[in-house]
**Q** 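Here you go, one structure.
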Number of protein chains: 4
Amino acid sequence: MKKKDLTKEKKILDATVEIIIADGAAAISTTKVANKVGISQSNIYLYFKDKRALLDGVYLREISRLGQTAGMKLVLDPNEDILTRCFMYLKSMYDFSLQNPHSLYVLEQIKLLSKDAADYLAQLVGPKNPMAELFTAGINSGVLRQIDRSLSMTVLFSVIEKHTENLQNGLYTEADVSFETVSRMIWAALTVVPYPENLLNK
Amino acid sequence: MKKKDLTKEKKILDATVEIIIADGAAAISTTKVANKVGISQSNIYLYFKDKRALLDGVYLREISRLGQTAGMKLVLDPNEDILTRCFMYLKSMYDFSLQNPHSLYVLEQIKLLSKDAADYLAQLVGPKNPMAELFTAGINSGVLRQIDRSLSMTVLFSVIEKHTENLQNGLYTEADVSFETVSRMIWAALTVVPYPENLLNK
Amino acid sequence: MKKKDLTKEKKILDATVEIIIADGAAAISTTKVANKVGISQSNIYLYFKDKRALLDGVYLREISRLGQTAGMKLVLDPNEDILTRCFMYLKSMYDFSLQNPHSLYVLEQIKLLSKDAADYLAQLVGPKNPMAELFTAGINSGVLRQIDRSLSMTVLFSVIEKHTENLQNGLYTEADVSFETVSRMIWAALTVVPYPENLLNK
Amino acid sequence: MKKKDLTKEKKILDATVEIIIADGAAAISTTKVANKVGISQSNIYLYFKDKRALLDGVYLREISRLGQTAGMKLVLDPNEDILTRCFMYLKSMYDFSLQNPHSLYVLEQIKLLSKDAADYLAQLVGPKNPMAELFTAGINSGVLRQIDRSLSMTVLFSVIEKHTENLQNGLYTEADVSFETVSRMIWAALTVVPYPENLLNK
DNA sequence: TATGAATGAGTGTTCATTCAT
DNA sequence: AATGAATGAACACTCATTCAT
């Protein structure tokens with residue numbers, strides 16, 4: 001169970017993601033993943049003890065990717081003012097999604113497969129999450145709408161994911177539906193303050 | 001493939017829905033469904049030619065349930081003013097979801113299982129849909145936000161679904177998070193006009 | 001199990017034959033036959049107690065059709081001279097096959113499905129068969145080759161069947177490969193006497 | 001799909017052939033084959049990707065066996081005179097069939113099961129087949145009867161197959177019906193020249 | 001570290017057959 | 001005479017997982 005060859009582990013995760021994108025998470029099988037990587041099926045079990053562990057691997061990598069997004073540093077900086085942090089969070093997510101057009105979809109697909117979806121989401125939205133504190137602060141400072149955080153998160157993620165999907169499918173271009181348009185909508189849902197025009201080109 | 005025993009067909013659909021709720025759409029198998037109904041597995045094929053047809057059956061029943069919601073008549077009435085119609089649409093969906101707490105989840109699960117999700121969604125959001133006209137009118141009359149309809153729909157459905165789920169899971173009660181709270185959030189995202197306070201208790 | 005409606009029985013047999021021709025005997029199923037006839041599946045069991053009985057029905061009808069061929073009267077007439085009877089048998093089979101291009105194929109396909117093929121063939125070539133006597137006489141009178149009858153029959157049937165199949169498939173036309181050509185070949189295999197030119201246009 | 005254990009693959013093919021011989025090709029099922037070999041059913045899919053591939057495997061092995069028959073070298077030698085080559089072909093087939101009493105039957109059964117029989121036959125009788133050239137030469141040199149090759153092949157194969165079957169069934173012995181007897185019959189059907197007595201004991 | 005071999009449980013689907021109406 | 005409903009057995013095929021090498 002020692003994972004020496006990190007390259008191989010990465011290849012396996014990549015292949016899994018490819019399959020999710022192409023056929024959905026329900027279509028994942030160790031056979032298909034192994035074929036895609038070009039290794040033997042049983043080899044996968046050296047890197048992941050389970051199919052479950054494989055899915056977890058994909059999920060966690062995607063989550064951590066999301067956490068390492070550039071703008072995140074600013075978002076988590078407690079010295080920055082709340083409104084800016086909130087807006088930058090929105091912008092970071094948007095940028096991240098356009099740069100990793102399949103990330104949110106992959107996350108959703110994996111959640112779909114697990115009944116214990118709540119457990120997973122917990123790692124993202126859960127109480128231990130650094131984001132929780134931002135939300136609390138946001139509400140307390142009168143920026144964010146006073147509503148359960150899960151609903152705000154839902155708006156944020158579902159709109160950005162749908163928008164990304166639309167762009168991928170060529171339904172429209174970013175010229176037609178810009179960041180400003182999308183973020184105004186999300187901002188209206190999440191906050192009770194005017195859209196921060198000044199932050200737009202920051 | 002004649003379906004005399006409508007009771008049985010209903011039972012099969014019900015069992016399928018139960019499984020989706022309990023374990024997700026990916027967990028559906030004809031065997032499980034049959035066991036739940038208490039019939040032989042092959043019997044299912046007398047009522048549904050395919051597993052696909054079974055899923056379609058579940059999907060369509062849920063969709064039609066949604067379309068028959070009380071408030072829908074008002075929503076589709078072209079003599080009513082646009083703002084009222086939009087608000088009533090939102091309210092109808094909200095009420096429907098609370099009364100059928102699993103409907104939206106079931107619909108989403110089935111959509112996520114099918115790659116041809118677009119085809120399905122089409123029946124709901126598609127151009128032939130009577131809702132499309134409401135949206136166009138809503139935008140033209142300056143009530144709705146000028147943004148691709150799919151994004152507005154996403155906000156509407158995902159928030160209501162999440163809210164319903166939260167209530168189901170006992171995360172909070174309707175006293176904590178009321179229709180007004182939720183609808184204000186959605187309204188802010190969907191429209192560019194003030195929340196119609198007067199329609200609240202209509 | 002009373003077979004009142006002879007029309008229906010015929011329709012079932014016809015449908016079965018159609019399926020054999022299209023997809024082979026292995027593809028026969030009561031469902032397919034019933035669908036083709038436009039009756040319910042269980043209805044078939046009123047006319048045939050078994051799938052086996054259905055196949056038998058097809059087989060026997062085809063066999064009896066073969067026995068009722070015009071030229072057969074002459075063949076079985078013991079007053080006619082042996083050489084003529086032999087030639088007419090060959091000609092009868094040839095004509096029959098061209099007029100019923102699927103008959104021999106159907107018979108072969110049904111035999112394929114039964115291990116007890118020998119039992120079936122028996123009805124055709126067996127000792128009780130009137131043809132047996134013709135063969136014995138043919139050999140005794142020095143017309144037919146002294147060889148086990150089954151081998152002669154094999155040449156006769158397999159060549160005619162293949163020829164019919166070739167014509168059906170458009171591999172060549174009767175202008176290219178005439179009765180004379182084919183019958184000369186068969187005649188050479190079956191007999192030890194010259195080809196009866198005079199009987200050709202009889 | 002790598003096949004290291006050639007023994008196992010062979011065993012599977014052998015079991016399949018046994019079933020064909022006992023019950024006909026239509027009776028083949030992966031379960032039966034697996035049971036006969038004494039392995040789990042799914043194991044078969046490690047050696048053959050398909051049931052189709054399994055049948056192909058049986059077919060091709062039988063075909064190649066046929067091609068490797070001793071006398072074949074002489075048959076294909078273009079320096080040998082045509083009449084000898086033709087006779088040796090006949091003799092090779094005869095010897096092969098008696099030594100592999102089920103080969104021709106197995107081949108026929110598999111062909112009958114496939115609608116695409118033509119494709120299969122092609123490998124045996126097809127235009128790319130070295131035998132095709134022998135036939136053309138045979139006709140041009142005035143040895144073979146001027147008739148479509150498929151008809152000649154039919155006589156050759158069906159008679160030898162039937163003869164082999166008769167011997168197997170104990171209908172008669174080789175003392176009763178010798179190679180000479182059978183080959184004279186086939187020779188008469190295939191050629192327009194006298195039987196080559198001198199080649200008999202070669 | 002990697003693989004080929006193996007398997008048992010499970011998949012959706014078709015089938016021949018029976019029976020009450 | 002005809003049918004809809006029902007079923008158990010069989011089918012080809014896929015899967016996650018294990019193990020010896």
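Numbered from 1 within each chain, the chains take letters A, B, ... in sequence-line order. Just the heavy atoms: all of them, side chains too, but no hydrogens, waters or symmetry mates, feed the values below. Since the model is a prediction, treat every value here as computed from it, not as a measurement.
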**Q** If you assign each of D:Ile44 and C:Thr31 to its closest nucleotide in DNA chain E, which residue comes earlier from the 5' end?
**A**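 Counting from the 5' end, the first nearest nucleotide belongs to D:Ile44.
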**Q** With sequence neighbours excluded, what pairs up with A:Glu161 under the salt bridge (charged side-chain N to carboxylate O under 4.0 Å, His left out) test?
**A**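 By the salt bridge (charged side-chain N to carboxylate O under 4.0 Å, His left out) rule, A:Glu161 matches no residue at all.
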**Q** Under 3.5 Å, which N/O atoms of the protein pair with N/O atoms of nucleotides 19-21 of chain E?
**A**
none

**Q** Pull out every stem in DNA chain F, meaning runs of 3 or more consecutive Watson-Crick or G-U wobble pairs with both distances under 3.5 Å.
**A** E:2-21 with F:2-21
**Q** Roughly, in whole Å, what's the span from CD1 in B:Ile28 to P in E:dT11?
**A** 12 Å
**Q** More 5' along DNA chain F: D:Lys32 or A:Lys51, using each one's nearest nucleotide?
**A**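 Whichever sits nearer the 5' end wins; that is D:Lys32.
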**Q** Would you indicate what A:Leu54 reaches in the nucleic acid, counting non-hydrogen atoms under 4.0 angstrom: base, sugar-phosphate, or nothing?
**A**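 Since no nucleic acid heavy atom lies under 4.0 Å of A:Leu54, the category is nothing.
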**Q** Is the phosphate of F:dA6, meaning OP1 or OP2, less than 4.0 Å from a side-chain N or O of B:Tyr45?
**A**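 Negative; the distance criterion is not met.
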**Q** Check whether any side-chain heavy atom of D:Val106 lies under 4.5 Å from a side-chain heavy atom of D:Thr16, and answer yes or no.
**A**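 Sidechains of D:Thr16 and D:Val106: no contact.
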**Q** Expressed as a whole number of angstroms, how long is the span from D:Tyr47:OH to F:dA12:P?
**A** 19 Å
**Q** Would you kindly compare D:Gln41 and C:Asn43 by the position of their nearest DNA chain F nucleotide and give the one closer to the 5′ end?
**A**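 The residue whose closest nucleotide sits nearer the 5' end is C:Asn43.
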**Q** Within the structure, does a side-chain N or O atom of D:Lys8 lie under 4.0 Å from either OP1 or OP2 of E:dG4?
**A**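 For D:Lys8, the contact criterion (side-chain N or O under 4.0 Å from OP1 or OP2 of E:dG4) is not met.
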**Q** Can you check whether B:Asn43 reaches B:Leu46 side chain to side chain, under 4.5 Å on heavy atoms?
**A** yes
**Q** Treating B:Lys51 as the side-chain partner and B:Ile28 as the backbone partner, does any N or O pair qualify as donor plus acceptor under 3.5 Å?
**A** yes
**Q** Of C:Thr30 and B:Thr30, whose closest DNA chain E nucleotide lies nearer the 5' terminus?
**A** B:Thr30
**Q** Taking A:Glu9 for its side chain and A:Tyr47 for its backbone only, find out whether a donor-acceptor pair lies under 3.5 Å.
**A** no
**Q** When you look at A:Asp14 and A:Arg61, which way does the salt bridge (Lys or Arg N to Asp or Glu O under 4.0 Å) test go after all the steps?
**A** CA-CA 10 Å; A:Asp14 289 346; A:Arg61 189 174 66 160; 2.8 Å; yes
**Q** Before accepting this row, confirm whether a basic side-chain N of the pair D:Arg65/D:Glu62 lies closer than 4.0 Å to the acidic partner's carboxylate O.
**A**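 Salt bridge between D:Arg65 and D:Glu62, a charged N being under 4.0 Å from a carboxylate O: yes.
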**Q** Starting at atom CG of D:Asp50, determine the distance to atom C1' of F:dT14, rounded to an integer number of angstrom.
**A**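 It works out to 12 Å between those atoms.
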**Q** For atom NZ of B:Lys11, is the number of surrounding heavy atoms from other residues, nucleotides or ligands below 6.0 Å larger than 12?
**A** no
**Q** Under 4.0 angstrom, heavy atoms only, what part of the nucleic acid is D:Ser29 near: base, sugar-phosphate, or nothing?
**A** sugar-phosphate
**Q** Donor-acceptor pair, distance only, cut-off 3.5 Å: does the side chain of D:Lys32 make one with the backbone of D:Ala27?
**A**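 Present.
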